[in-house]
Visitor: 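There's a structure below that I have some questions on.
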2 protein chains.
Amino acid sequence: MSHQTLIAYINRQIASPLTEEECALIQEYFVPKKLRKHQFLLQEGDISKWAGFVVKGALKMYTVDETGRENILGLFLENWWAGDRESFANGTPSPYFIDAFEDSELLVMTKEVFNAHFKNQRFVAELTRTLTERQALKLLKRVHATKTLTAEQRLIDLEKTYPEFIQRFPQHIIASYLGMTKETLSRIRAQMIKK
Amino acid sequence: MSHQTLIAYINRQIASPLTEEECALIQEYFVPKKLRKHQFLLQEGDISKWAGFVVKGALKMYTVDETGRENILGLFLENWWAGDRESFANGTPSPYFIDAFEDSELLVMTKEVFNAHFKNQRFVAELTRTLTERQALKLLKRVHATKTLTAEQRLIDLEKTYPEFIQRFPQHIIASYLGMTKETLSRIRAQMIKK
DNA sequence: AAAAAGCGTTGACATAGATCAACGTTCATC
DNA sequence: GATGAACGTTGATCTATGTCAACGCTTTTT
């Protein structure tokens, strides 16, 4: 059943819908993986084993600095791909952690499965192209935003772009994602309510 | 002759080298375009007409805020693609300016040419995939850097990653690219020399 | 039921970096 | 050869945001 979610998602991203065989391939080789809260999908230094689609739940991607502080680089909810694309594609050790922030259900495939069954599928080429392009655009905007916007403007921007983040993740996570401290975020919110 | 530069570049990016016909296609449809210093390749609000490869020269991509300040988002030198991929691909108005910082020579193609002759070439698919992926990785690192590193660390990082930027562009451009003011950059350099 | 952990808030204080302004060089243009 | 940009430097001051610390409220764990 959860495969239907993935199939529907892919169909939304590509020009001509998946054929029967392609659907069958997905159903056969994408396997469910459950992660309980706090379990890791990927740890710093590891080579990403999985390419994963989030069916249910929430995950965060982050680094940890010398003092143990988490720096959130990405948040993933339902209908997102979670993983370090670079590490998965190139087999290089990842600099990131990814863990489940809520109990989550993914559909995952390993690199071997990818190479054996998906690598040369036309829909995979189209899908990855679309996704990478979109990711690049978002990141360029984010670079621009972090450079030019104040903390308050960045929050407002996030409220518009990903309101679901604000509902699903606690403030200190959002703060880190936005590149500010939880105290600053708290103060900004207090101030915005006044207005 | 300048087409040879482009062909050599593409060959470096793809797995199996360009065929004769593919080379011929490039020679026929990529046309030289010269830009004198300060001329625009793209202006805010325009739809990007060109996909361009820099054969010689230097360009900058930036936004301009209400007070007229430039915010540099990207710098392009020889053997780079210059352009707003999103605007070119989707036909949406660009939020960016791109202009020549030195007299420059590009090889460009229009969207029509792209659609008519390149869109379905295998090497184009491979090339754009490689480039977009690489761009996404760089941007993710840049997001992380702007969030976690001090002004000094960002400069050191740039000196390692793109030493040629520092040689070719004046400090106030570098400063803006790094997300700091020219004064801060100047002070940091003075301080670093002392050490 | 108690203890502990996670989360958000508030206050006092510290600081990196921005802003504004003045000045000296170098370089291009008439 | 003079004039004015463009560029970099330095100083004085300002400000947004970070840091540290304490407190209260939930929620989870034992």
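Order of the sequence lines sets the chain letters (A, B, ...), proteins ahead of strands, with each chain counted from 1. Worth knowing before you read on, the calculation uses all heavy atoms, side chains too, and leaves out hydrogens, waters and symmetry mates.
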Visitor: Polar-atom pairs under 3.5 Å, protein N or O versus N or O of nucleotides 18-23 of chain D: list them with distances, or write none.
Guide:
residue	atom	partner	partner atom	Å
D:dG18	OP2	A:T181	N	3.2
D:dG18	OP2	A:T181	OG1	3.2
D:dG18	OP2	A:T184	OG1	2.5
D:dT19	O4	A:R187	NH2	3.0
D:dC20	N4	A:E183	OE2	3.2

Visitor: Give me the other members of the hydrophobic cluster that B:L25 sits in, counting Ile, Leu, Val, Met, Phe, Trp and Tyr linked by side-chain heavy atoms under 4.5 Å, directly or via other members.
Guide: B:L6, B:I7, B:Y9, B:I10, B:I14, B:L18, B:I26, B:Y29, B:F30, B:F53, B:V55, B:W81, B:F88, B:L107, B:M109, B:V113, B:F114, B:F118, B:F123, B:V124, B:L127, B:L131
Visitor: Parallel, tilted or perpendicular: which describes the rings of A:F165 and A:F169, with under 30° parallel and over 60° perpendicular?
Guide: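 It falls in the perpendicular class, over 60°.
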Visitor: What's the CD-P distance between A:E152 and D:dT17, to the nearest Å?
Guide: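 Checked: the CD to P distance equals 9 Å.
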Visitor: Between C1' on D:dA16 and CG on A:L155, what's the gap in Å once rounded to a whole number?
Guide: 15 Å
Visitor: Backbone N or O of A:M180 within a donor-acceptor pair of the A:T184 side chain at under 3.5 Å?
Guide: no
Visitor: Return the 5'-most residue of the pair B:H38, B:S186 with respect to DNA chain D, ranking by each residue's nearest nucleotide.
Guide: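 The answer here is B:H38.
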Visitor: Any donor-acceptor pair under 3.5 Å linking the side-chain atoms of A:R129 with those of A:Q13?
Guide: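 Distance-only check fails for A:Q13 and A:R129.
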Visitor: Protein-nucleotides 28-30 of chain D N/O pairs closer than 3.5 Å?
Guide:
none

Visitor: Taking DNA chain D as the partner, which of residues 164-171 of chain B come within under 4.0 angstrom of it by heavy atom?
Guide: B:P170, B:Q171
Visitor: Strictly by side-chain hydrogen bond (donor to acceptor under 3.5 Å, both in side chains), give each pair with a member in residues 44-65 of chain A just once, sequence neighbours left out.
Guide: A:K60-A:E70, A:K60-A:D99, A:Y62-A:D99, A:T63-B:H144, A:D65-A:T67
Visitor: Within the distance-only criterion (no hydrogens, no angle test), does the side chain of B:R154 pair as donor or acceptor with the backbone N or O of B:L178 below 3.5 angstrom?
Guide: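 Present.
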Visitor: Pairing donors with acceptors under 3.5 angstrom, does anything connect the side chains of A:T5 and A:S2?
Guide: no
Visitor: Is A:K33 reaching over with its side chain to a backbone N or O of A:E105, donor-acceptor style, under 3.5 angstrom?
Guide: no
Visitor: Taking side-chain contact (heavy atoms from CB on, under 4.5 Å) as the test, write out the residues that go with B:P170, two or more places apart.
Guide: B:F101, B:H172, B:I173
Visitor: So which one's nearest nucleotide on DNA chain C is more toward 5', A:H172 or B:R154?
Guide: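 So the residue in question is A:H172.
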Visitor: Suppose the criterion is side-chain hydrogen bond (donor to acceptor under 3.5 Å, both in side chains): which pairs have a residue in residues 85-96 of chain A, not counting sequence neighbours?
Guide: A:D84-A:S94
Visitor: Considering only heavy atoms of chain B and a distance under 4.0 Å, specify the first and last nucleotide of DNA chain C in 5' to 3' order that meet this criterion.
Guide: C:dG17 to C:dA21
Visitor: Is it possible for you to say whether A:L149 and A:L139 belong to one hydrophobic cluster, with membership spreading through side-chain heavy-atom contacts below 4.5 Å?
Guide: no
Visitor: Given axes from five pairs at either end, by how many degrees does the helix from C:dA1-D:dT30 to C:dC30-D:dG1 bend, rounded to 10°?
Guide: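 It comes to 50° between the two terminal axes.
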Visitor: Please enumerate all residues that pass side-chain contact (heavy atoms from CB on, under 4.5 Å) together with A:S16, with sequence neighbours excluded.
Guide: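 Result, side-chain contact (heavy atoms from CB on, under 4.5 Å) vs A:S16: A:R122.
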Visitor: How many whole angstroms separate atom CG of A:D103 from atom P of D:dT27?
Guide: 17 Å
Visitor: Look at the side-chain heavy atoms of Ile, Leu, Val, Met, Phe, Trp and Tyr, link any pair under 4.5 Å apart, and say whether B:I98 and A:V143 land in one connected group.
Guide: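 Shared cluster, yes.
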Visitor: Residues in side-chain contact (heavy atoms from CB on, under 4.5 Å) with B:R168, at least two apart?
Guide: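 So B:R168 forms a side-chain contact (heavy atoms from CB on, under 4.5 Å) with B:A58, B:L77, B:E78, B:E102.
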Visitor: Mind checking what makes side-chain contact (heavy atoms from CB on, under 4.5 Å) contact with A:I166, not counting sequence neighbours?
Guide: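 Residues passing side-chain contact (heavy atoms from CB on, under 4.5 Å) with A:I166: A:L155, A:L158, A:E159, A:I174.
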